Protein chains: 2
Amino acid sequence: MAGNAAEPGRSTASRLLTLLEVFTVRNEELTLVEMAQRSAIPVATTYRLARELATWGALERLPDRRYRVGLRLWEIGSLAPRQRYLRELSRPYMQDLYDATKENVQIGVRDGNEVLIVEMVSGRSAIPSATRVGGRLPLHATAVGKVTLAFSEPELMALTVAEGLPKLAPRTIITPGQLKQAVEQVRSTELGFAYEEMTKGASSVASPVFGPDGRFAAALGLVVHASTDVTRLAPAVRTAALGLSRELARWSNLKH
Amino acid sequence: MAGNAAEPGRSTASRLLTLLEVFTVRNEELTLVEMAQRSAIPVATTYRLARELATWGALERLPDRRYRVGLRLWEIGSLAPRQRYLRELSRPYMQDLYDATKENVQIGVRDGNEVLIVEMVSGRSAIPSATRVGGRLPLHATAVGKVTLAFSEPELMALTVAEGLPKLAPRTIITPGQLKQAVEQVRSTELGFAYEEMTKGASSVASPVFGPDGRFAAALGLVVHASTDVTRLAPAVRTAALGLSRELARWSNLKH
DNA sequence: CTGAACTTACCACTGAGCGGGATTTGCTGG
DNA sequence: CCAGCAAATCCCGCTCAGTGGTAAGTTCAG
């Protein structure tokens, strides 16, 4: 960029993308200065870029001049194939699972060393879940995470252990040995569990969904009150996951 | 940009955003050259920018080297408040409406002079709908569109008429007079209809949802077989829309 | 009214971005 | 195995678009 650049080597593109990254669930509306601080980009530059993003629709401008993520960005993002087909095809199965259990149903795919929640179905009788569509869950402390670990390449387990296993709740698994053992169990039964390992008071069950190529595609699971017997719900989850795997295969045939 | 620019005056930011725009439902995976053609950006430049987008996760690279919209972009887009709260809060009401009617349920917000579909609920018994979450519908040929016209600022009607009323199906309203009359009807009854005006064989009903400030927030509707009597379904749609409006107000109080 | 915080505008400097063209890679048919 | 071709990748010299300090304008609480 111009000779004035405080941090040469950083591309305009990366600055733009960084400006999008500063928005989070907790901070969905930010002032210009807040955006500048969080992105470590000078205010003047932030101003110019934010305005371009807003003109295009990636950001929206509120009457009080704050910025937030715009509908246009959501619209383009909704084209992302990795979530789109899974969401569309999984809906009926998730709905069935919800009808059968009345618990929070969630489906997530691996992204980096986390699970990205792609769709949820929940009602008012279910435990209020902090998770939301577009949210991320850790691999070592959730049922969907353990399932993902069990059916992804072994390198993922190595990476996860290397990054450390943060203690998120009293019962979080924090030793690699225990995690590996748990994941081994998941691999053989195709069912993963987590007992208050992420949030006190909440347990979860999950089962793998496989794509048409036979490879792991997603983890489908339930989040329930810790007092609920998750093993009782496991067969339902397993059934739904198998049904969805079959649906993916059917749809793939139909397409070609 | 550099002195080599073929089209001076076009900013790097706008080029980047244009590269995202080239992806559509019909073209969700594109090669580098296709992206360059559609965006009218030279291949070398497209290459450099696409690579930066892919590094960050806005685009993904397939084994066959084609590009597609990435999960990271979807993730950030899912933060867009204008769709997020509406989606989360409307789900139960849309589900109820689906349970009661077994028809395609959709909710959309105004974006520019179109309706952006923000959420859908549909089953296999409903008419296969071409609409999808993230899709757009015209204002003059759909029930949700007419509702949007009826409860937005008058300028929107003027704009819509000025842009012309394309004939999308045999029964599409193509004269401003007829459209204004229909919209007037919608305003007084808080119910909008469309009879095979967008797609032959499909009709729709919709009703407005109002935000806590009393202003129009979204249009909630059904898409059904043309043979179905939409007036019979209208009360259910109206009830759901009222319920959702109340929910929005309730949630707004809760928040502050 | 005063002042602090935020937003918008200005502008001189210069290296980041541009893109034509060469090279490499990948694929197809012989 | 090897041309032949298209797509992808890389190279590099040119230069103006982007940068950001600074200043002026705006908003708002007290």
Side-chain angles (χ1 to χ4, degrees), chain A residues 1-24 26-70 256, chain B residues 1-23 26-70 81 256:
Chain A
M1 41 227 65
N4 244 8
E7 189 192 344
R10 194 171 184 190
S11 69
T12 305
S14 85
R15 281 165 213 253
L16 264 183
L17 297 169
T18 304
L19 278 185
L20 296 178
E21 271 184 317
V22 300
F23 293 91
T24 63
R26 293 304 177 90
N27 300 285
E28 57 179 27
E29 296 181 354
L30 297 172
T31 66
L32 185 65
V33 170
E34 284 170 334
M35 288 176 69
Q37 287 168 343
R38 285 162 186 277
S39 60
I41 296 173
V43 178
T45 305
T46 303
Y47 172 67
R48 195 165 23 80
L49 295 179
R51 205 158 41 125
E52 277 206 84
L53 287 169
T55 303
W56 185 74
L59 296 180
E60 284 171 4
R61 202 81 198 269
L62 297 168
D64 68 358
R65 304 195 167 182
R66 284 191 296 175
Y67 292 89
R68 60 181 186 184
V69 178
H256 307 130
Chain B
M1 38 228 69
N4 245 6
E7 189 191 346
R10 195 173 183 188
S11 68
T12 305
S14 85
R15 280 164 214 254
L16 264 184
L17 297 169
T18 304
L19 278 185
L20 296 178
E21 272 184 316
V22 300
F23 292 91
R26 292 304 178 89
N27 300 285
E28 56 179 28
E29 296 181 353
L30 298 171
T31 65
L32 183 66
V33 171
E34 284 170 335
M35 290 176 68
Q37 287 168 343
R38 284 164 187 276
S39 59
I41 296 174
V43 179
T45 306
T46 303
Y47 171 68
R48 195 165 23 80
L49 295 179
R51 205 160 39 129
E52 278 204 84
L53 287 169
T55 303
W56 184 74
L59 296 181
E60 284 171 3
R61 202 79 198 269
L62 297 167
D64 68 358
R65 303 198 167 180
R66 284 190 296 175
Y67 292 89
R68 60 181 187 184
V69 178
H256 308 129

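What you are looking at is a predicted structure, and each value in this text was computed from that prediction instead of being measured. Lettering of chains follows the sequences in order, A, B, ..., and the numbering in each one begins at 1.
Nucleotide C:dC6 holds its P atom 12 Å from the CZ atom of A:R66, rounded to whole Å. Taking atom OH of residue B:Y47 and atom C1' of nucleotide D:dA7, one finds them 12 Å apart after rounding to whole Å. For the pair A:D64 CG and D:dT26 C1', the interatomic distance rounds to 14 Å; values are reported in whole Å. Atom CG of B:L30 and atom P of D:dA6 are 20 Å apart (whole Å). In this structure, the CG atom of A:L32 is 10 Å from the P atom of C:dC6, given to the nearest Å. Separating the CD atom of A:Q37 from the C1' atom of D:dG20 is a distance of 16 Å, rounded to the nearest angstrom. If you measure from atom CZ of A:R10 to atom P of C:dG15, you get 18 Å, rounded to the nearest angstrom.
Shown here are the salt bridge (charged side-chain N to carboxylate O under 4.0 Å, His left out) partners of A:R65, two or more places apart in sequence or in another chain: there are none.
In this structure, the nucleotide among C:dT8, D:dC10, D:dG21 sitting nearest to the side chain of A:P42 is D:dG21.
Regarding contacts with the backbone of C:dA5, every side-chain N or O of A:T31 stays at 4.0 angstrom or more from both OP1 and OP2. Checking the phosphate oxygens (OP1, OP2) of D:dA8, no side-chain nitrogen or oxygen of B:R61 falls inside 4.0 Å. In this model, the phosphate group of D:dT19 is not approached by any side-chain N or O of A:T45 to a distance below 4.0 Å at OP1 or OP2. A sub-4.0 Å separation between OP1 or OP2 of D:dA7 and a side-chain N or O of B:R65 is absent. Considering only side-chain N and O atoms, A:R48 lies nowhere under 4.0 angstrom from the phosphate OP1 or OP2 of C:dC10.
Along DNA chain C, the nucleotide nearest to B:I41 and the one nearest to A:V33 differ in position, and the one closer to the 5' end is contacted by A:V33.
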Pair up each side-chain donor or acceptor in residues 35-45 of chain B with any protein partner under 3.5 Å, not counting sequence neighbours, and list the distances.
from, atom 1, to, atom 2, distance (Å)
B:R38, NH2, B:N27, OD1, 3.2
B:S39, OG, B:M35, O, 2.6
B:S39, OG, B:A36, O, 3.3

